[in-house]
Asker: 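Quick one: the structure is below, questions incoming.
Just so you know, these numbers come straight off a predicted model, no measurement behind them.
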Amino acid sequence: MSLVSEKVAYLRGLMEGMNLDEDDNTTKLFDAVIDALDDIATELSDMEENHEDLENYIEEVDEALGDVEEIVYDDCDDCCDCDDDDDDCIEVTCPACGEDIVVDVDAIDENGQVDCPACGETLEFEIDECDCDHEDDKD
C-alpha cells in the first residue's frame with residue numbers, strides 16, 4: 001500500500017470514527033471527497049507500477065542497444081598478426097541512402113555483400129586479403 005493510500009485510509013477511519021450523521025450533507029461531501037482521493041491514490045499507484053515497468057523495459061532495451069553498438073562499432077582486430085595500425089574495418093558511404101557506415105570486413109559474406117544498417121540496401125565489396133606491408137615479413 002502506498003503512502004497516499006495509507007493517508008486516504010487514515011482519513012476514512014477518522015471520518016468513520018467521528019460518528020457523523022450519514023444523512024448530513026457535510027458527511028456526504030466528506031465521503032465523496034475521500035472516495036475521490038481513494039480513486040486518485042489507486043490511479044497514482046497504477047501509474048507508479050507502469051512507470052517502473054517502463055523503466056525496466058528501457059533498461060533492457062538500452063542494454064540490448066549497447067550490445068548491438070558493441071557489435072557494430074567494435075574496434076576491429078588487426079588485419080593480420082603484424083603490429084601495424086591497419087584493422088578489419090572499412091568506412092564507406094552507402095550509395096542508396098548516403099549514410100557513412102563502418103563495416104567490419106568479417107561481416108561481409110562470401111559473396112562480398114553486406115546490408116547497410118541504415119537503409120537495408122545490399123552493398124557489394126571486393127575484398128583483397130591483408131595488404132599490409134608486414135605480410136611478407138611473417139615468414
Asker: Who pairs with D100 by side chain to side chain contact (heavy atoms under 4.5 Å, CB included), at least two apart in sequence or on another chain?
Answerer: E91, T93

Asker: Would a 4.5 Å heavy-atom cut-off, applied to side chains only, mark V102 and V72 as touching?
Answerer: no

Asker: To the nearest 0.5 Å, what is the distance between SG on C94 and CD1 on I101?
Answerer: 6.0 Å

Asker: For D31, what residues pass the salt bridge (charged side-chain N to carboxylate O under 4.0 Å, His left out) criterion, not counting sequence neighbours?
Answerer: R12

Asker: My understanding is that only residues two or more places apart in sequence, or in another chain, count here; which of them pass side chain to side chain donor-acceptor pair (under 3.5 Å) with E124?
Answerer: Q113

Asker: Linking directly or through intermediates, with side-chain heavy atoms under 4.5 Å: list the remaining ILVMFWY members grouped with I58, chain and number order.
Answerer: none

Asker: Check whether any side-chain heavy atom of V103 sits under 4.5 Å from a side-chain heavy atom of V92, and report yes or no.
Answerer: yes

Asker: So for atom NZ, which belongs to K28, do other residues, nucleotides or ligands contribute more than 12 heavy atoms lying within a distance under 6.0 Å?
Answerer: yes

Asker: Rounded to the nearest 0.5 Å, what separation is found between the CG atom of D67 and the CD1 atom of I71?
Answerer: 6.5 Å

Asker: Side chain to side chain contact (heavy atoms under 4.5 Å, CB included) with A118: which residues, sequence neighbours excluded?
Answerer: C97, E99, C116

Asker: Which other residues end up in the same hydrophobic cluster as V61, if Ile, Leu, Val, Met, Phe, Trp and Tyr are linked when side-chain heavy atoms come under 4.5 Å apart?
Answerer: Y57

Asker: Using a 4.5 Å cut-off on heavy atoms from C-beta on, say whether the side chain of V33 contacts that of L11.
Answerer: no

Asker: Between side-chain atoms of residues 36-45 and protein atoms elsewhere (two or more places apart, or another chain), which donor-acceptor pairs fall under 3.5 Å?
Answerer:
from : atom 1 : to  : atom 2 : distance (Å)
T42  : OG1    : D38 : O      : 3.0

Asker: Identify, with sequence neighbours excluded, every residue that meets side chain to side chain contact (heavy atoms under 4.5 Å, CB included) alongside D21.
Answerer: D23, D24

Asker: Is it true that L54 and M47 fall in one hydrophobic cluster, defined by side-chain heavy atoms closer than 4.5 Å?
Answerer: no

Asker: Test of understanding: with side chain to side chain contact (heavy atoms under 4.5 Å, CB included), list the residues that count as partners of E55, not counting sequence neighbours.
Answerer: H51, E59

Asker: Give me the atom names and distance for the closest heavy-atom approach of I34 to V8.
Answerer: O-CG1, 3.8 Å

Asker: Restricting to side chain to side chain donor-acceptor pair (under 3.5 Å), what partner residues turn up for S2, sequence neighbours left out?
Answerer: S5

